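The basis for the numbers below is simple: all heavy atoms, side chains too, and nothing from hydrogens, waters or symmetry mates. Order of the sequence lines sets the chain letters (A, B, ...), proteins ahead of strands, with each chain counted from 1. None of the values given here were measured: they were computed from a predicted structure.
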Amino acid sequence: MGLDLGALFRDYHESLVRMLTRRTGDRGRAEELAQETFARAVAAPPTNPRPWLFAVALNLLREEGRNAATRERRLVLVKDEDHVAPYEQPDEAYEREETRLRVRAALAQLSERDRDVLLLQAEGFDYDEISQATGLSRGAIGTTLARARKRLLDVYSQGEGGTHVARG
Amino acid sequence: MSHVDDGTLHELVDDELDATARAAAEAHLASCGDCARRFAEATAMARQVQTLLGTLDVLPAPVRIVTPTPARAVALATANVTSMQRRIWTLRRVALAASALVVAGISYRVGVSRTTGDVATARESAPAVAGSAQQPVMMPSAGVVAAESIERPSAPTVRIAPRVGSRAESEVAAGTASPAVDVVASPLSALLTAPVDAASRVSAEEAAMRPTASTLTGYQAIEEVTLPSVTRRRYIAADGTALVLVIAPTTAAEVKPDARAAQEFTVSTAQGRSTVRWQLSGMSYVLQGALAPDSLIKLATQLK
């Protein structure tokens, strides 16, 4: 089977990088993971690309988490990607960053499975695809999402009080 | 019916229930204020989560212009070679050789050509450049050597002049074209203004090895270095993004068993630069630039 890599990129690259950026908080790292994922797709063309690509990307992320050596070189890329949008007022930038940090902190409180399911759903995956990408049974996904959404919002709103103190 | 559980409520929110289950859940919600309220909450939660996750998105950084000083270019090329060796997919020997020759090409040109003279000087220097390119006496064994030779305080000027007997040369003689252009050691602005003609020093043999399409939409070929068996061509776009294409004969060792030639692109990234490789008609192509891989593949497709 021939693999139309161009089409694969067009259809899934943006979404994959977005998901990985949300997951890692590091766009440079997300880009690299996405590239490795597509490289694997070239080596072994998947029949059902979307769940396959996201599953591979999440696996790579887990593998990478166990390999501190690779992280070192990725740190270089982080600086390049972090930037403040032009013309943004310092206050707006500050609030945006504050929100971002709180969302990240809340996301970190979720179990890995809950987090993955939440992020995949946010990318428009239906439950069948989430099931294929995570190995979770389809019947468990509604419950998982209910728990993950509630937890994320709970932790996020808990952080609301403390941050204002820091601002003053 | 008993109350609808949280999982089912979220399945309803996400429109994931089958028709039967959906009808049953909706019938219950219509008659149970408590569950109807929980459904509204679940809907709001899903929306709020989506919004919050959106705050994590980092906008793509604006395209950066990599200052094309030779030292920087060599450093990048060298870094790419070493880091790509660590990649999970195979980096084949010819590609490495090609990268090394790219380095050699830069080093050689900067190190040898120091002319600053008039038309006559330019004419004389032209064959010297071309001839030495066939015998790269300063061929470094590693990129580091090349980088050192380039980073000398007094970076020499490189002159690219038309080949003796070429159309460009006769134009120079007739006064219809500028005799020579300083290129490699110049800043970006000079690269952008360098006439394409000055770079088109291509032998007939090499011309036969070129891709069918020699230009990339939106890019201007600004420099071409031809070494034995390997051609390196640099393109630049109006926004300053640069691409490098290296063409070398495909060795027996790297021929893919199921070669479907140019249909198969291999993509890798390192140091913020993407590399696309493919094979076509016995030649191996490596296209590299600070572009998203999909853009690079699009451009590679133009060269097929």
Review point. When rounded to the nearest 0.5 angstrom, what distance separates CG in B/Leu56 from CZ in A/Arg100?
Key: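 So the gap between those two atoms works out to 7.0 Å.
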Exercise for review: Answer yes or no: is there a side-chain heavy-atom contact under 4.5 Å between B/Val49 and A/Leu153?
Suggested key: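 In short, these two side chains touch, coming nearer than 4.5 Å.
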Check your understanding: Hey, does B/Asp6 have a side-chain heavy atom less than 4.5 Å from the side chain of A/Thr143?
Key ->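 In short, these two side chains do not touch, never coming nearer than 4.5 Å.
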Exercise for review: Could you tell me whether a side-chain N or O of B/Gln50 sits under 3.5 Å from a main-chain N or O of A/Ala122, the two making a donor and an acceptor?
Suggested key: yes
Check your understanding: Distance-only, no hydrogens or angles: does the A/Arg22 side chain make a donor-acceptor pair with backbone N or O of B/Leu53 under 3.5 Å?
Key ->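 Between the backbone of B/Leu53 and the side chain of A/Arg22 there is a qualifying donor-acceptor contact (under 3.5 Å).
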Point to revise | Residues forming a side-chain contact (heavy atoms from CB on, under 4.5 Å) with B/Thr8, sequence neighbours excluded | key: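 Partners of B/Thr8 under the side-chain contact (heavy atoms from CB on, under 4.5 Å) test: B/Val4, B/Asp5, B/Leu17.
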Revision key, fill the gap. If one checks every heavy atom of A/Leu107 against chain B at 4.5 Å, the contacting part turns out to be side chain
Study note, to complete from the structure: Under 4.5 Å to a heavy atom of chain B? For A/Arg138 that would be side chain
Review point. Are more than 12 heavy atoms from other residues, nucleotides or ligands located less than 6.0 Å from atom CZ of A/Arg104?
Key: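 It does: A/Arg104 CZ has more than 12 such atoms within range.
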Point to revise | Contacts of residues 126-136 of chain A with chain B (heavy atom under 4.5 Å) | key: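 Result: A/Asp126, A/Tyr127.
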For [X] versus [Y], what's the shortest heavy-atom pair and its separation?
{"X": "B/His10", "Y": "A/Ala146", "value": "CD2-CB, 3.2 Å"}
{"X": "A/Arg149", "Y": "B/Met45", "value": "C-CE, 3.7 Å"}
{"X": "A/Val103", "Y": "B/Leu52", "value": "CG1-O, 3.6 Å"}

